[in-house]
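Step one of this worksheet: look at the structure below.
In each ligand, atom 1 is the first atom listed, and ligand 1 is the first ligand listed.
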Amino acid sequence: MLGAGGVGKSAMTMQFVSRQFPEDHDPTIEDGYKIRVRVDDEPANLDIVDTTGQAEFTALRNRYLSAGEGFIICYSITDRQSFDAVREFKQLIEEVGHTNDTPVVLVGNKSDLKQLRQVTKEEGLALAQEFSCPFFETSAAYRCYIDNAFHTLVQEIRRKEKEAVQTIKKKSKPKSGIWKRLKSPFQKKKDSLV
Ligand SMILES: Nc1nc2c(ncn2[C@@H]2O[C@H](COP(=O)(O)OP(=O)(O)OP(=O)(O)O)[C@@H](O)[C@H]2O)c(=O)[nH]1
Ligand SMILES: [Mg+2]
């Protein structure tokens with residue numbers, strides 16, 4: 001879970017893991033949750049790291065960037081600054097992973113606080129399109145689209161794993177041209193024996 005301070009990373013995680021909503025903002029230093037869920041009828045063992053949004057613990061948070069298989073980047077729809085910070089989180093992930101292909105889901109949380117909205121849904125969608133990643137507006141308070149966000153990240157991780165396996169298979173398969181050329185001398189010998 002990545003995102004600026006107070007956007008609801010812990011609230012989303014707690015709703016997902018234990019169906020509880022913390023009313024107070026208790027700034028996270030670092031929390032971890034292990035949970036087994038089923039996604040598309042397949043079990044998934046999730047190791048969720050709820051990171052800090054507090055600037056003073058940035059170094060601590062960054063340790064998880066290289067270990068993470070996938071990321072939920074959160075902002076709050078009521079906090080323009082948290083939306084502006086999303087790009088920095090995406091860049092960090094790219095830098096650490098040396099790829100722009102790490103599974104990411106973008107989440108605009110606190111969708112229940114409509115009257116305090118500072119970021120439109122269209123802006124969220126446009127950023128997700130730029131990142132080529134799924135997007136949800138969630139409410140941790142009302143448990144809206146929380147499962148969708150986590151399950152979609154699992155699907156993204158699985159999809160990219162499958163793609164990686166396909167690429168390795170393709171690379172290790174000898175090209176038919178070379179293969180034919182290698183085989184042809186033997187073929188001729190065999191033919192001449194007959
Ligand atoms: N109305 C509403 N409030 C929310 C929602 N999600 C979180 N909050 C509130 O926002 C405050 C901050 O939530 P946290 O989950 O602690 O935020 P965080 O992103 O974990 O913050 P840090 O750990 O400091 O990075 C708390 O008071 C929550 O109750 C939501 O969906 N709707
Ligand atoms: Mg927190």
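Nearest heavy-atom pair across Lys9 and Met1 is O-CE, 3.7 Å. Scanning all heavy atoms of the two residues, the minimum distance from Val17 to Ile35 falls at CA-CD1, 4.0 Å. Across Val154 and Ala44, no two heavy atoms sit closer than the pair CG1-CB, 4.1 Å.
Hydrophobic clustering of Ile, Leu, Val, Met, Phe, Trp and Tyr side chains at less than 4.5 Å, counting indirect connections, unites Leu65 with Phe89.
Close approach of ligand 1 to Thr28 (heavy-atom distance below 4.0 Å) involves ligand atoms 20 (O), 22 (P), 23 (O), 24 (O). Heavy-atom contacts of Pro27 reach the following atoms of ligand 1: 23 (O), 24 (O) (cutoff under 4.0 Å). Near Ala141, meaning under 4.0 Å from any of its heavy atoms, are these atoms of ligand 1: 2 (C), 30 (C), 31 (O), 32 (N).
The closest approach between Phe21 and ligand 1 falls below 4.0 Å for a heavy atom of the residue. Under a 4.0 angstrom heavy-atom cut-off, Ser139 registers as being in contact with ligand 1.
Nearest to atom 13 (O) of ligand 1 among the protein's heavy atoms is Gly8 CA, 3.8 Å. The nearest heavy-atom contact from the protein to atom 21 (O) of ligand 1 is Gly6 N, 2.9 Å. Protein heavy atom in closest approach to atom 11 (C) of ligand 1: His25 CB, 3.9 Å. Ranking protein heavy atoms by distance to atom 24 (O) of ligand 1, first place goes to Gln54 NE2, 2.4 Å. Closest to atom 25 (O) of ligand 1, if we only count protein heavy atoms, is Lys9 NZ, 2.7 Å. If you check which protein heavy atom lies closest to atom 7 (C) of ligand 1, you get Ala11 CB, 3.5 Å. Shortest contact from atom 10 (O) of ligand 1 to any protein heavy atom: Lys110 NZ, 3.0 Å. In terms of protein heavy atoms, atom 28 (C) of ligand 1 is closest to Pro22 O, 3.5 Å.
Contacts between Glu23 and ligand 1 below 4.0 angstrom, taking non-hydrogen atoms only, involve the backbone exclusively. Contacts with ligand 1 closer than 4.0 Å are made by no heavy atom of Ser111, backbone or side chain. At a heavy-atom cutoff of 4.0 Å, ligand 1 is contacted by both the backbone and the side chain of Val7. Only backbone heavy atoms of Asp24 (N, CA, C or O) come within less than 4.0 Å of ligand 1; its side chain stays farther off. At a heavy-atom distance under 4.0 Å, only side-chain atoms of Leu113, from C-beta outward, approach ligand 1.
Considering backbone and side-chain atoms alike, Asp112 places an N or O below 3.5 Å from some N or O of ligand 1. Between Ala140 and ligand 1, a contact under 3.5 Å exists for at least one N or O pair. Here's the thing with Asp50: none of its N/O atoms is less than 3.5 angstrom from an N/O atom of ligand 1. When only interatomic distances are considered, the shortest N/O to N/O separation between Thr51 and ligand 1 does not fall below 3.5 Å.
Distance alone, capped at 3.5 Å, places no donor-acceptor pair between the Thr28 side chain and the Thr51 backbone. In terms of modelled atom types and a separation under 3.5 Å, the side chain of Gln118 and the main chain of Arg80 share a donor-acceptor contact. Formation of a donor-acceptor pair under 3.5 Å by the Arg36 side chain with backbone atoms of Pro43 is not found in this model.
Around OH of Tyr145, the count of heavy atoms belonging to other residues, nucleotides or ligands within 6.0 Å does not exceed 12. For Gln81, the CD atom is loosely surrounded, since the number of other residues' heavy atoms within 6.0 Å does not exceed 12. Arg19 CZ: 12 or fewer foreign heavy atoms inside a 6.0 Å radius.
For Asn109 and Ser76, the side-chain atoms include no donor-acceptor pair closer than 3.5 Å.
Under the ring pair (Phe, Tyr, Trp, His ring centres under 6.0 Å) test applied with Phe16, the options Phe150, Tyr33, Phe21 reduce to a single match, Phe150. When the options Lys121, Arg117, Lys114, Lys110 are evaluated for a salt bridge (Lys or Arg N to Asp or Glu O under 4.0 Å) with Glu137, the one that passes is Arg117.
For a distance bound of 2.8 Å, the N, O or S atoms of Thr28 include one lying that close to the Mg ion (ligand 2). At a cut-off of 2.8 Å, Ser10 is counted among the residues with an N, O or S atom near the Mg ion (ligand 2).
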Yes or no on salt bridge (charged side-chain N to carboxylate O under 4.0 Å, His left out) for Arg158 and Glu161, after CA distance, side-chain angles and deciding distance? CA-CA 5 Å; Arg158 284 177 180 168; Glu161 263 172 9; over 6 Å; no

